[in-house]
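What follows is one structure encoded as structure tokens, with my remarks underneath.
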Amino acid sequence: MLKKISTAQLRLGMHLHAFEGAWINHPFWKTRFLVDDPADLERVRASGVTECWIDAARGLDVEVRESLPEPLRVPTPEPARPARGAAPAHAANTAPARSAAPSPAANRTEMAEELQRAAAVCKRGRQAVVSMFNEARMGKAIDAEQCVPLVDEVSNSVMRNPGALVSLARLKTQDEYTFMHSVAVCALMIAVGRQLGMDENQCREAGMAGLLHDLGKSQMPLDVLNKPGKLTDDEFTLIKTHPAKGHELLLEGKGVAVGVMDVCLHHHEKFDGAGYPHGLKGEQISLLARMGAVCDVYDAITSNRPYKTGWDPAESVARMASWKGHFDETVFKAFVQSLGIYPTGSLVRLHSQRLAIVVDQNAGHLVTPVVKAFFSLKSQMHIPPLRIDLAHKSCTDRIVGRESAAEWKFPSLDDLWLDPDLRRRAA
């Protein structure tokens, strides 16, 4: 029997069924579980969520007292201070992603340092994809082996700092979208692959699939591909042929793995069967293609396109989480774990009544990234930018919500986390 209670009434032994409010406001990946860990109970009480639902048929009722003593307290994974953020609701009730062993913190390159390298990788990647698309337009066969060094460069960058190249590639111009999109999806696929526990060769195949997934767009008319307005029904029908066109090109190529070809053909399939070209459903879609669906959509909706301005990264993650049936839940969970609930470049509001931009992630601390505060909501004025590590034990501030960059209309918001010269060097 489901019963709505205040989180203050939540006790060990109760079965938590759901939180009131959006997934972004609660501190867990899962929402349905037996509350048997004091650390979890403490996180609920510190989250700011005021109400939840329990299932009295699967755990203690609110009137029932525990007859056994509470287990010994164990240290919580994160400081027990108020914090907001959580896993997407549609990632609940799934087995946790099998994670690759994380690199020691000492081996993780700082964002600013890795951005320097990532700019060079982005530039070489864009040039390689432009050349590959041009050759495909001229009818030349694709040689996947020639792409391996680039995929390895991208993989090395992701290994050093997962967010650097992905965040930089997101800032592509409208004119270079098609080419930089391939580089960005390559990086995202590798990051998700590592989170899912794939080995080096599997991650390389995932990255290759991301790099080549949109090759079929080389066969699309440029006036349709770059149209600044909404496509007509006939134009959209034509664009929907690009997966099959790309698959044909890869079949004629050399050294292309079967998994890579499958992602090219099926990255627009949806987990509920509503996608195209074949309407595949659930595990009929390969794991790589399910990964490709998530990575392709995220980079598409966060990038500026000829017909729309890209969404804020954190807003995009939240919206994707609300699209029931679109993505594989376990894959989407791994995606968010690799990128963060508040990806680099997200505009957020702090408890201290300041606006901040996310400048880096803290591995293992999804809701406490590194931010740079720059605007006071109290005075409605800009303040000197201040870097704040929200995961540091001495920090008392926290994120209380996402903000719309489009509504605030701050000029050059990305300059707060990225040197403008680096963006030019990446082009």
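Just so you know, these numbers come straight off a predicted model, no measurement behind them.
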Can Glu283 and Arg290 be said to form a side-chain contact (heavy atoms from CB on, under 4.5 Å), step by step? CA-CA 9 Å; Glu283 294 189 2; Arg290 283 177 262 157; 4.2 Å; yes
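- For the atom pair Leu350 CG and Ile388 CD1, the distance stands at 5.5 Å (nearest 0.5 Å).
- Thr302 places a side-chain heavy atom less than 4.5 Å from the side chain of Tyr298.
- Applying the 6.0 Å contact sphere to NE2 of His268 captures more than 12 heavy atoms from other residues, nucleotides or ligands.
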Using salt bridge (Lys or Arg N to Asp or Glu O under 4.0 Å), reason through Glu329 and Lys333 one step at a time and then give a plain yes or no. CA-CA 6 Å; Glu329 294 176 350; Lys333 172 182 175 179; over 6 Å; no
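- Residues Gln361 and Tyr342 approach most closely at NE2-O, 2.8 Å, considering heavy atoms.
- Across Leu211 and Met132, no two heavy atoms sit closer than the pair O-CE, 4.2 Å.
- With no hydrogens or angles considered, no side-chain donor-acceptor pair links Asn362 and His392 at under 3.5 Å.
- Considering only heavy atoms from C-beta on, Met198 comes within 4.5 Å of Met291 through its side chain.
- With hydrogens and angles ignored, the 3.5 Å screen pairs a side-chain donor or acceptor of Arg11 with a backbone N or O of Ala8.
- Once rounded to the nearest 0.5 Å, the distance linking CD of Gln9 with CD1 of Ile54 reads 8.0 Å.
- The side chain to side chain contact (heavy atoms under 4.5 Å, CB included) test with Val263 is passed by exactly one of Asp296, Leu212, Leu288: Leu288.
- Summarising the geometry, atom CG belonging to Leu215 is positioned 11.0 Å from atom CD belonging to Glu248; distances are rounded to the nearest 0.5 Å.
- Under a cut-off of 6.0 angstrom, the local environment of NZ in Lys308 is crowded, with over 12 non-hydrogen atoms contributed by other residues, nucleotides or ligands.
- Atom CD of Glu110 has 12 or fewer heavy atoms from other residues, nucleotides or ligands within 6.0 Å.
- Separating the CZ atom in Arg387 from the CG atom in Asp360 is a distance of 6.0 Å, to the nearest 0.5 Å.
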What verdict does the side-chain contact (heavy atoms from CB on, under 4.5 Å) test give for Leu416 and Phe410, after you've listed the backbone C-alpha separation in whole Å, the side-chain angles of each residue and the deciding distance to 0.1 Å? CA-CA 11 Å; Leu416 287 167; Phe410 290 118; over 6 Å; no
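- Rounded to the nearest 0.5 angstrom, Leu251 CG and Ile142 CD1 are separated by 12.5 Å.
- Taking both residues in full, the closest heavy atoms of Arg194 and Pro162 are given as NH1-CG, 4.3 Å, listed atom of the first, atom of the second, then distance.
- Counting heavy-atom neighbours within 6.0 Å of Asp199 CG, excluding the residue itself, gives a total above 12.
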Applying side-chain contact (heavy atoms from CB on, under 4.5 Å), run through Val294 and Val192 and close with a yes or a no. CA-CA 10 Å; Val294 176; Val192 175; 5.9 Å; no
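- Heavy-atom neighbours of Lys245 NZ from other residues, nucleotides or ligands within 6.0 Å: at or below the threshold of 12.
- Tested against His181, the residues Glu176, His213, Arg170, Arg305 include a single side-chain hydrogen bond (donor to acceptor under 3.5 Å, both in side chains) partner, His213.
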Gln202/Leu196 under side-chain contact (heavy atoms from CB on, under 4.5 Å): CA gap, chis, key distance, verdict: CA-CA 11 Å; Gln202 291 171 321; Leu196 288 169; over 6 Å; no
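- Lys123 NZ to Leu168 CG: the interatomic distance, rounded to the nearest 0.5 Å, is 12.5 Å.
- Although no hydrogens or angles enter the test, the distance criterion places a donor-acceptor pair under 3.5 Å between the side chain of Ser404 and the main chain of Glu407.
- Judged by distance alone, with hydrogens and angles left aside, the side-chain atoms of Asp55 form no donor-acceptor pair with the main-chain N or O of His17 at under 3.5 Å.
- In this structure, the side chains of Arg204 and Ser155 stay at 4.5 Å or more apart for every pair of heavy atoms.
- Leu250 approaches Met261 most closely through the heavy-atom pair CB-CG, 3.7 Å.
- At a threshold of 4.5 Å between non-hydrogen side-chain atoms, the residues Pro221 and Leu238 count as touching.
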Test salt bridge (Lys or Arg N to Asp or Glu O under 4.0 Å) on Asp299 and Lys172 and set out the steps. CA-CA 10 Å; Asp299 187 67; Lys172 61 188 77 66; 3.0 Å; yes
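- Salt bridge present: Glu403 and Arg349 bring a charged side-chain N and a carboxylate O closer than 4.0 Å.
- Taking every heavy atom of both residues into account, Asp36 and Pro38 meet most closely at O-CD, 4.0 Å.
- Val367 places none of its side-chain heavy atoms less than 4.5 Å from the side chain of Arg398.
- In Lys227, the NZ atom is crowded: over 12 heavy atoms of neighbouring residues, nucleotides or ligands sit closer than 6.0 Å.
- Two residues are said to be in side-chain contact when any heavy atoms from C-beta on lie closer than 4.5 Å; Cys52 and Val44 fail this criterion.
- Residues Asp214 and Thr178 form no side-chain contact, since every pair of their non-hydrogen atoms from C-beta on lies 4.5 Å or further apart.
- Using modelled atom types, no side-chain atom of Ser157 and backbone atom of Val154 make a donor-acceptor pair closer than 3.5 Å.
- Taking the six-membered ring wherever Trp is involved, the centroid distance between the rings of Phe335 and Phe327 does not fall below 6.0 Å.
- Within 6.0 Å of atom CD in Gln353, more than 12 heavy atoms from other residues, nucleotides or ligands are found, so the atom counts as buried in its surroundings.
- Side chains of Thr368 and Asp389 form no contact here, defined as non-hydrogen atoms less than 4.5 Å apart.
- What you find for Gly207 and Cys186 is that their closest heavy atoms are O-SG, 3.3 Å.
- Side chain of Glu51 to backbone of Ile5: no donor-acceptor contact under 3.5 angstrom is found.
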